[in-house]
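Model, not experiment: these values are computed from the prediction.
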Amino acid sequence: MSVGTSGAKSALRAHDVRSAPASRHGDLTELGLDPDELPDGLVIADERGRVICFNAAAARITATSAADALGRHLEWALPLEDLEGRRWWQLTDPYGGLTIRVGQPERNLLLPGGREVLVSARYVRVRPTGPIRRVVVSLRDTEARRRTERSHAELIATVAHELRSPLTSVKGFTATLLAKWERFTDDQKKLMLETVDADANRVTRLIAELLDISRIDSGRLELRRQPVDIGAAVGRHIQAYVASGQSADRFLLRIGQPLPDLWADPDKVDQVLSNLLENAVRHGEGTVTIDVEPAPSLREGEDACTSVTVSDEGPGIPEESMNRVFTRFWRGSKRGGTGLGLYIVKGIVEAHGGTITVGRAPEGGAQFRFTLPVGTPAYLQ
């Protein structure tokens, strides 16, 4: 057991949480919880301000060992400053300040070297408004929050950029038509309106992507499961590409039999197929091969799954990018779009309880494979 843990146990045995309900009396040791098992940093100082607990997370966050922190005054073991450079312990003065205070709310503070941490404190008193018996400090790393904030900022910047272009086009063409309608021929008007329609569709797709991301991130993506003939669904997408001018020879659809009955959300499955086939057609080369076949169950006791593999013969995805393909805003070289499509695809597949992987196709191009469990509703089982 670490020095920090030993110090915590001796300190916590002496500590009676007088403000807690009777059912919650007792220390971490009595609960069978090692302070080093806590995910956040825990620092406890006694009535004199000496550190008596410094768990493993606190050591990791502050880059200070428990051996160096234990026994030192809290101000020196945790030399925190606010964002204006003021010493936090001198500013808050937990031992000499107002006796009605019960702690400090969470805030961003700086460690030596400028590293930012989230700090909150609880003042445990012998009695209400009495002297402090313990100061309990919680430390949290800000890196996860910073990543979230950066992701949100990138999302806002990307959306603003993607919306500005089509909306500028829509505004420009509609203003021109309204101001100079009589000057244009019917063919010119039709071309302008078709452009406006295409840009409006682009905006609609982006908004739909944002809604999907919001639902995926919050775990609120709703699935309306129905029987899905996934082979027929792939066939419809291929026919649409052929109708738009692609050669029928560009696509090879292979369906393994017998396929298990698949219950899934048909609209969401279409969204996954549309994205993967569009990537193969736009960014790949040669024949686009789609294999639909039964696959082993992902979980013991379940029926077989259905897998779909989409392969092309293009340059493929670099090995160093494989682990980033399904992240937000990932774009390969010379790739357009928002970089949100594959992130949404992964979210949809996982919402169905399936998995999706990316690799290199036998012909050298990119290969995406997703597997969906049968998902038969309970009332049909």
**Student:** Looking at Gly256 and Pro294, what are the two nearest heavy atoms and their distance?
**Tutor:** O-CD, 3.9 Å
**Student:** What closest approach, in Å, do Tyr123 and Arg101 show between heavy atoms, and which atom pair accounts for it?
**Tutor:** CD1-O, 3.8 Å
**Student:** According to side chain to side chain contact (heavy atoms under 4.5 Å, CB included), who are the partners of Leu139, at least two apart in sequence or on a separate chain?
**Tutor:** Val43, Ala58, Ile61, Thr62, Leu78, Val119, Val137
**Student:** Give the C-alpha distance, both sets of side-chain angles, the deciding distance and a yes or no for side chain to side chain contact (heavy atoms under 4.5 Å, CB included) between Asn275 and Ile344.
**Tutor:** CA-CA 9 Å; Asn275 194 292; Ile344 294 171; over 6 Å; no
**Student:** Mind listing the closest non-hydrogen atom pair of Gln367 and Arg360 along with its distance?
**Tutor:** CB-C, 4.1 Å
**Student:** Is any side-chain N of the basic residue among Arg50 and Asp46 closer than 4.0 Å to the acidic one's carboxylate O?
**Tutor:** no
**Student:** Look only at the side chain of Arg125 and the backbone of Gly130, and say whether a donor-acceptor pair between them is shorter than 3.5 Å.
**Tutor:** yes
**Student:** Transitive ILVMFWY cluster of Leu110 at side-chain heavy atoms under 4.5 Å: who else is in it?
**Tutor:** Leu83
**Student:** Distance alone, cut at 3.5 Å: any donor-acceptor contact between the side chains of Asp270 and His237?
**Tutor:** yes
**Student:** Sort and list the pairs that fulfil side-chain hydrogen bond (donor to acceptor under 3.5 Å, both in side chains) and have at least one residue in residues 163-181, not counting sequence neighbours.
**Tutor:** Ser169-Asp199
**Student:** What closest approach, in Å, do Ser65 and Ala59 show between heavy atoms, and which atom pair accounts for it?
**Tutor:** CA-CB, 4.5 Å
**Student:** Please determine whether side chain to side chain contact (heavy atoms under 4.5 Å, CB included) holds for the pair Glu222 and Arg215, giving the CA-CA distance in whole Å, both sets of side-chain angles, and the decisive distance to 0.1 Å.
**Tutor:** CA-CA 8 Å; Glu222 295 183 0; Arg215 295 185 184 113; over 6 Å; no
**Student:** Quick one: does any side-chain atom of Thr287 pair with a main-chain N or O of Thr289 as donor and acceptor, under 3.5 Å?
**Tutor:** no
**Student:** Tell me which pairs pass salt bridge (charged side-chain N to carboxylate O under 4.0 Å, His left out) where either residue lies in residues 103-116, with sequence neighbours left out.
**Tutor:** Glu106-Arg140, Glu106-Arg145, Arg115-Asp141, Glu116-Arg146
**Student:** Identify the two heavy atoms, one from Phe251 and one from Gln246, that lie closest to each other, and give their separation to 0.1 Å.
**Tutor:** CE1-CB, 4.0 Å
**Student:** Side chains of Ser321 and Arg324: donor-acceptor distance under 3.5 Å anywhere?
**Tutor:** yes
**Student:** Suppose clustering is done on Ile, Leu, Val, Met, Phe, Trp and Tyr with side-chain heavy atoms closer than 4.5 Å. Which residues sit in the same group as Leu191?
**Tutor:** none
**Student:** Whether the side chain of Asn55 engages the backbone of Asp40 through a donor-acceptor N/O pair (distance < 3.5 Å, no angle test) should be reported.
**Tutor:** yes
**Student:** Do you know which two heavy atoms are closest between Ala77 and Val51, and how far apart they sit?
**Tutor:** CB-CG2, 3.6 Å
**Student:** Which residues satisfy the side chain to side chain contact (heavy atoms under 4.5 Å, CB included) test with Glu81, sequence neighbours excluded?
**Tutor:** Arg87
**Student:** Are the side chains of Tyr343 and Val325 in touch, meaning some heavy atoms are under 4.5 Å apart?
**Tutor:** no
**Student:** For the residue pair Gln271 and Asp212, confirm or rule out a side-chain donor-acceptor distance under 3.5 Å.
**Tutor:** yes
